[in-house]
Protein chains: 2
Amino acid sequence: MAASAALNPARKSVISRQEILDAAAALFRQKGYYATTLRDIAGSVGMKAGSVYYHFDSKEQILEAVLDIGIEAVFKDVRHKVENMAEDVAWRERFHIAIEAHLASLVQHGDYMSANVRVFSQAPEHIRDRHMKIRRAYEDYWANLYHRAKKAGAIRGNINLTALQALVFGAMNWTIEWYKPGREKIETLAEAYTDILMNGVQPTERDSAAK
Amino acid sequence: MAASAALNPARKSVISRQEILDAAAALFRQKGYYATTLRDIAGSVGMKAGSVYYHFDSKEQILEAVLDIGIEAVFKDVRHKVENMAEDVAWRERFHIAIEAHLASLVQHGDYMSANVRVFSQAPEHIRDRHMKIRRAYEDYWANLYHRAKKAGAIRGNINLTALQALVFGAMNWTIEWYKPGREKIETLAEAYTDILMNGVQPTERDSAAK
DNA sequence: CCTACCGATCGGTAGG
DNA sequence: CCTACCGATCGGTAGG
C-alpha cells in the first residue's frame, strides 16, 4: 500500500515502476486512457502526481509500456506452450492447446490485455504505429499455424484462412468483454471453442441417422 | 457544412440533433468518450460548443443516445431479416442470414456500433446500467435462436450454447477492429463464418478418404 | 444558436 | 519522491 513505499528505502525504483504500470493497466482497462489521470495512477500506488515523472517521462510513455507488455506476455505464453508439445501431437490438439494458452494468458494478464484491446484505438498515432509491429508478429505466428495445418491436411482446402484467423481471434479476445473468472473454467471454454471450430455445431451424418 | 445551418432557417433542430449524434459517434469511435470534447463535436457540425446545449443537456446524454442507437439499429436489422424468412428455411441458412445481417448492419452503422463497443466500458455506471437492458434484449434474441435450433436437432446436443453464443458474438463484433469495406465483401465473410461454425474446419471422413 | 465566461481539473515542471 | 505551481483546456452556464 501507500505507506510501504515511503517506509522501505530498500524498495528499488524498478518495483515502483512495475507498480505504476500495474495500476495504470487496471485504470486504463476500467476508464480508458484519457479518463485516467496521472493523479489516479499516482494515487493508487501511494504517490503524488509529480512523482510519477521520476519513473516515466510522460503519460504516453506509460501507455506505450502497458500496450506492449500485454501482447508480449500472451505471445510468450502461447509460444511456450505450443513449442513444448511433442512432434506427433495431432493438429486438433495443437489448436486446443494454443487456444487454451491464449485464453489463460488473457485472464492472467487481464488488466494489461483488456487495457490493450480497449485503449489501443484511443492511442496517439505514433504509439499505435510502433505497437502494431508486435501485434503483427503475434498475428503472423497464428497465421503460420493455420497454414501448416492446412498443408498437413488438418484443415479443409476450401477454408478461408484469413476469415478463420479473424474469427478465432475475435472469439478469443471477446472473452475480455464478458468472462468472469470463477463462473466457468478457462479449460472448459477452450475445449468448447476448439470443438466448435474443429467439428462445427451441426450433427454429423451419423448423428442425423440416429435421429 | 457549417454555413448551411446558419443560412437555412427551415433546417429543424431535429436535423441538427441527428448531425450532432452522427458526429459524436464518429468521434467516440476514433478517440473514445473522454478524449472527445464538446468543442470537437460542435466543430464538426459547424457549431460553437455552447450551442450543443440547445440540443442536449449534457455530454453524457449524447453518449447514452449514441450507445442506444447502435444496438437498436442492429437489432432491428437482424430481426427484420430473420423474421422475413420463409418458415421452411433450414437452420443452417437461418444462421447464415442472421450472421450476414448482423455483419452488414455493423458496417452500415459503423460509427455507432464501433463507438458502442469501444466506449461502453468507459461510460459512467448509471449509463451502462440503463444501456445494458437493450444489450441484454439483443443477446436474448440470439440465445433464443440457438435454443430453437438445438431443439430442432440442427445443433449437436453436446454443444455448450453459452460458449457458442459468446464465440459467435466475439467473431462478429471483432470485425469492427479490422474490417475495411471494399477489401472483401460482407457476404463472403458471412458465408465463411457460417461454414466454419456449422461444419468445422476439419476435413470430413469423406475428405480424409480422398486424401 | 452565439459570445463570454466560470470553476475545476488536467499534464507537466521547478526546485528541492 | 514531494510541494507548489503553471498554462491550457475542459464541461457547462448566463444572457442574449
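Within every chain, numbering begins at 1; the chains are lettered A, B, ... in the order of the sequence lines, protein sequences first and strands thereafter. Below, each value reflects all heavy atoms present in this structure, side chains not excepted, and no hydrogens, waters or symmetry copies.
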**OP:** Assess the side chains of A:Trp142 and A:Tyr146: does a donor N or O sit below 3.5 Å from an acceptor N or O?
**Re:** no
Round to the nearest Å and state the distance from [X] atom [atom1] to [N] atom [atom2].
X	N	atom1	atom2	value
A:Asp40	C:dG12	CG	C1'	16 Å
B:Arg39	C:dC10	CZ	C1'	14 Å
B:Glu60	D:dC10	CD	C1'	14 Å
A:Met47	C:dG12	CE	P	16 Å
A:Leu38	C:dG12	CG	P	6 Å
B:Tyr34	C:dG11	OH	C1'	18 Å
B:Phe56	C:dC1	CZ	C1'	15 Å
A:His55	C:dG11	NE2	P	17 Å

Original post:
Is the backbone N or O of A:Ala137 less than 3.5 Å from a side-chain atom of A:Asp140, with the two atoms forming a donor-acceptor pair by type?
Top reply: no
Original post:
A:Glu93 side chain to A:Val89 main-chain N or O, any donor-acceptor pair under 3.5 Å?
Top reply: no
Subject >> Candidates D:dC10, C:dC10, D:dT13 - which lies nearest the side chain of B:Tyr53 >> reply: D:dT13
Salt bridge present between [X] and [Y] (N-O < 4.0 angstrom):
X	Y	answer
B:Arg118	B:Glu177	yes
A:Lys76	A:Glu83	no
B:Glu191	B:Arg92	yes

Can you check whether [X] has a side-chain N or O nearer than 4.0 Å to OP1 or OP2 of [N]?
X	N	value
B:Ser16	C:dC1	yes
A:Lys59	C:dG11	yes
B:Tyr54	C:dC1	no

Original post:
Hey, are the side chains of B:Lys81 and B:Ser105 touching, using non-hydrogen atoms and a 4.5 Å cut-off?
Top reply: no
Subject >> Helix axis bend for the helix from C:dC1-D:dG16 to C:dG16-D:dC1 - C1'-based end axes, five pairs, 10° rounding >> reply: 0°
**OP:** Would you kindly compare A:Thr37 and B:Ile20 by the position of their nearest DNA chain C nucleotide and give the one closer to the 5′ end?
**Re:** B:Ile20
